[in-house]
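One structure is given below, encoded as structure tokens.
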Amino acid sequence: MNKTVFLDRDGVINKNLDDYVKTIEELEIFPFVSKAIKNLNEMNFKVIVITNQSAINRGIITHQKIREIHQNIQNHLRKNNAFIDAFYYCPHRPNENCFCRKPKSGLLTQAIQEFLVDVDKSWMIGDNESDIIAGKNIGTKTIKISAGYNLEDAVKTIIDCEK
Ligand SMILES: [Mg+2]
Ligand SMILES: [Zn+2]
């Protein structure tokens with residue numbers, strides 16, 4: 001069983017844009033992210049991104065482009081000796097009533113099965129209430145990112161809890 005930190009993407013790993021991150025050029029990864037994720041890697045957490053990307057089914061971006069953006073994040077991390085174990089994304093629009101768009105827990109459920117996640121020892125980190133609800137629904141601990149509290153701070157909280 002694997003303890004895991006689930007991460008929202010936009011607003012946690014990279015800057016959130018009102019009209020979606022559509023290209024590599026628009027992807028602005030926060031400077032503290034590599035170090036924070038490296039800390040999680042070293043504590044033997046699985047690190048899994050769970051992200052809503054309705055821009056796909058709105059026709060604004062392709063699956064291929066989303067995968068390129070995720071590969072770009074991974075390449076950036078690898079250069080800094082950190083890595084993400086997996087990216088899961090929901091492509092649906094809100095009105096499609098899928099099971100995977102947060103606050104629903106479908107992607108978390110899938111990841112928990114595929115990575116044999118020990119939910120009791122795991123965390124969901126996000127900047128939106130829907131991230132927190134999704135984590136609580138599935139039974140992880142949760143941390144909300146805000147203007148004065150970023151991923152680096154959240155990882156410090158996890159480190160303190162692991163002591
Ligand atoms: Mg977000
Ligand atoms: Zn979905």
Side-chain angles (χ1 to χ4, degrees), residues 4-37 39-40 45-74 76-77 82 84-115 117 119 122-158:
T4 300
V5 175
F6 295 106
L7 298 177
D8 173 41
R9 196 193 81 182
D10 299 321
V12 175
I13 292 173
N14 57 272
K15 196 169 167 200
N16 196 32
L17 299 181
D18 287 338
D19 63 340
Y20 310 105
V21 176
K22 302 177 292 300
T23 63
I24 304 289
E25 290 70 33
E26 289 176 347
L27 176 68
E28 190 179 326
I29 301 170
F30 296 127
F32 45 78
V33 166
S34 295
K35 173 99 185 305
I37 291 179
N39 283 332
L40 296 174
F45 280 101
K46 298 285 177 198
V47 180
I48 298 178
V49 170
I50 305 284
T51 180
N52 289 350
Q53 295 298 330
S54 66
I56 296 172
N57 278 12
R58 293 178 205 273
I60 294 167
I61 185 172
T62 61
H63 286 269
Q64 172 63 24
K65 186 56 86 174
I66 285 279
R67 291 193 193 108
E68 278 176 35
I69 289 169
H70 292 171
Q71 191 58 51
N72 192 277
I73 293 171
Q74 188 74 290
H76 170 83
L77 295 174
I84 285 169
D85 290 275
F87 291 82
Y88 291 80
Y89 63 85
C90 163
H92 306 108
R93 300 184 308 272
N95 64 4
E96 291 180 81
N97 284 317
C98 66
F99 291 101
C100 46
R101 184 177 166 82
K102 293 174 289 184
K104 291 192 182 160
S105 307
L107 291 181
L108 284 162
T109 303
Q110 190 186 343
I112 286 164
Q113 288 169 356
E114 291 178 356
F115 281 84
V117 171
V119 173
S122 297
W123 302 75
M124 174 76 210
I125 300 176
D127 67 332
N128 201 298
E129 197 53 34
S130 62
D131 303 311
I132 304 308
I133 293 168
K136 289 208 166 123
N137 279 345
I138 212 84
T140 67
K141 291 168 271 192
T142 59
I143 301 180
K144 180 107 178 262
I145 298 299
S146 60
Y149 190 90
N150 62 29
L151 181 61
E152 186 176 27
D153 301 311
V155 168
K156 280 181 192 154
T157 297
I158 293 174

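As the structure lists them, so they are numbered: ligands from 1, and atoms in each ligand from 1. Numbers here are sequence positions counted from 1.
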A correct count of protein N/O/S atoms found below 2.8 Å of the Zn ion (ligand 2) gives 4

Can you find a heavy atom in the side chain of [X] that is under 4.5 Å from one in the side chain of [Y]?
X: Y20; Y: E26; value: no
X: I37; Y: L7; value: yes
X: I66; Y: Y89; value: yes
X: I13; Y: I84; value: yes
X: F45; Y: I158; value: yes

Which word best sums up how the rings of F115 and Y88 line up, parallel for under 30°, tilted for 30 to 60°, or perpendicular for over 60°? perpendicular

Does K102 reach the main-chain N or O of D8 with its side chain, forming a donor-acceptor pair under 3.5 Å? no

Around the Mg ion (ligand 1), what protein N, O or S atoms are found below 2.8 Å? D8 OD2, D10 O, D127 OD1

Side chains of residues 138-145: which donor-acceptor pairs under 3.5 Å do they make with residues two or more places apart or in other chains?
{"from": "T140", "atom 1": "OG1", "to": "G135", "atom 2": "O", "distance (Å)": "3.3"}
{"from": "K144", "atom 1": "NZ", "to": "E129", "atom 2": "OE1", "distance (Å)": "3.4"}

I need the full list of salt bridge (charged side-chain N to carboxylate O under 4.0 Å, His left out) pairs touching residues 9-18, with sequence neighbours left out, sorted by first then second residue. none

